[in-house]
Protein chains: 2
Amino acid sequence: MTDSPKPTRKRDGRLREDLIDAGVALLRDRGADGMSLRECAAIAGVSHASPGYHFGNLKGLKTAIAARAFRLFGDFMLEFLAKAERAPKAQILAISEGYLAFAEAHKELFLFMFSGQDLDQTDPDLSAMSARAYQILRDTCAPFVKPDSHPETVEILVWSLVHGYAQLMLTGKIRKASPGVKIPAYKFLLDHLNLSLQDDPSSSS
Amino acid sequence: MTDSPKPTRKRDGRLREDLIDAGVALLRDRGADGMSLRECAAIAGVSHASPGYHFGNLKGLKTAIAARAFRLFGDFMLEFLAKAERAPKAQILAISEGYLAFAEAHKELFLFMFSGQDLDQTDPDLSAMSARAYQILRDTCAPFVKPDSHPETVEILVWSLVHGYAQLMLTGKIRKASPGVKIPAYKFLLDHLNLSLQDDPSSSS
DNA sequence: CTCCATAACTTGACACTGTCAAGATACGCA
DNA sequence: TGCGTATCTTGACAGTGTCAAGTTATGGAG
């Protein structure tokens, strides 16, 4: 009998995930400031101090939410990578599309991740998922890194463009001046980058 | 008819600015979540409900802080523009340097502005300062807009790169993989953009 | 000069929050 | 069976945003 009229201990390890679900739901429809430990507890149907037991404090809950967000974020990029052609430029486009698809499908999570929230950066879950996402970018950019330069060069170039594009799209800072104009596709912008393969002689800079 | 029928008190209109100062100070050394109306009141030496009178609510105070941040932000870009040469590419580099200088000198304000905070977008101060900053970008990008394309193309390209670069620099997401490596100068990245003047024949897409 | 309307600020209250301490409960295991 | 421990609850406290009502001083009308 898992359920009993006196609900104690019934959830085992499931409650932690339920609380994160509740936090994500609150984040979605009330914003990061509308998220509270007590309301997460209420949604999950437990007492007000239960989240504190599992996550330590509010920072812990936010960190857990961010960790889940980074996992999903990486999943999006890997999914688009798998469906794309193996050509290096196609792969760059693929992670970018995964990046933008995630930002559009999970706007609140995306903004939350990169909004300088007060998170516990020492949390193993968060740092693992964050490093995993960055590694996807690094691997995809590798073919474009020239032997005499640092990998960061290409990585910053690609990541900055797609991240800035996503951020400005979501916060609407771009459309303001002329609301009717369509945002040009990201691919169009990507074509303006001087990316060249490591052994491609067309690079002249 | 001295000024207007409004200012009438011992602190005159000065308290409002003092409260914004207090909010900025709290933002600087405790983060956006550590900012509270009551503590701003305490710093300014007034009662706990006084900020509510001037700003309506916490959202109002945050909006006022963001408006001041956008004004300072625009000032930085204009200052760098004035010191630079008039050549279009030099001007692009100038606003980028102003952008990055602001982000570095006022890290908390920069992150606060672009962190999807719950602000009152209908506030005339905020929207005016925000539009002013965007107009600086638009004007500087204008020489690179081809007659058959939308201005947004170039604007997104430049803004995304510099914004993404600044954001990733400040949140430290870039250095993680190799802490010892120096971040390449932004100018180096800018050189990888295929920017060409409207009448420049070297544009081949 | 008096008087007073009103802007600027204070006082007080309420519901809500995070966080901690201490208690209760049930499961795993001996 | 009985106990230890992880899990969850209860209760309390300080701090918060926000509203209503009270207070004060200032500029202007008479």
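Residue numbers begin at 1 in each chain, while the letters A, B, ... track the order of the sequences.
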Does some side-chain heavy atom of K59(A) sit less than 4.5 Å from a side-chain heavy atom of K62(A)? no

Does atom CD of E104(A) have more than 12 heavy-atom neighbours from other groups under 6.0 Å away? no

Would you state whether a donor and an acceptor, one from the side chain of R38(B) and one from the base of dG17(D), lie under 3.5 Å apart? yes

Find the distance E17(A):CD to dT7(D):C1' and express it as a whole number of Å. 16 Å

Does dC9(C) have OP1 or OP2 under 4.0 Å away from a side-chain N or O of S47(B)? no

In whole angstrom, what separates R14(A)'s CZ from dC27(C)'s C1'? 20 Å

Among dC9(C), dT19(C), dT9(D), the one nearest H54(B) by side-chain distance: dC9(C)

Provide, to the nearest angstrom, the distance between the CG atom belonging to N57(A) and the P atom belonging to dG15(D). 18 Å

By nearest nucleotide on DNA chain D, pick out whichever of S50(A) and M35(B) is the more 5' one. S50(A)

Closest of dG17(D), dT16(D), dT10(C) to the A49(B) side chain is dT10(C)

Crowding at CZ, R132(A) (>12 non-hydrogen neighbours, <6.0 Å): yes

Which whole-number value in Å describes the distance from L15(B) CG to dA25(D) P? 16 Å

At less than 3.5 Å, do the side-chain atoms of H48(B) and the base atoms of dG12(C) form a donor-acceptor pair? yes

How many whole angstroms separate atom CG of L19(A) from atom P of dT7(D)? 13 Å

To the nearest Å, give me how far apart CZ (R30(A)) and P (dC16(C)) are. 11 Å

Assert yes or no for the condition that the ring centre distance of H106(B) to F110(B) is strictly below 6.0 Å. no

May I ask you to verify if any side-chain N or O of Y53(A) is less than 4.0 angstrom from the OP1 or OP2 atom of dC8(D)? no

Rounded off to whole Å, could you give me the CG-to-C1' distance for the L58(B) and dG15(D) pair? 14 Å

Within this structure, what is the CZ-NE2 distance for the pair F114(A) and H163(A), rounded to the nearest 0.5 Å? 5.5 Å

Take atom CG of D33(A) and atom P of dT18(D), then tell me their distance rounded to the nearest Å. 11 Å

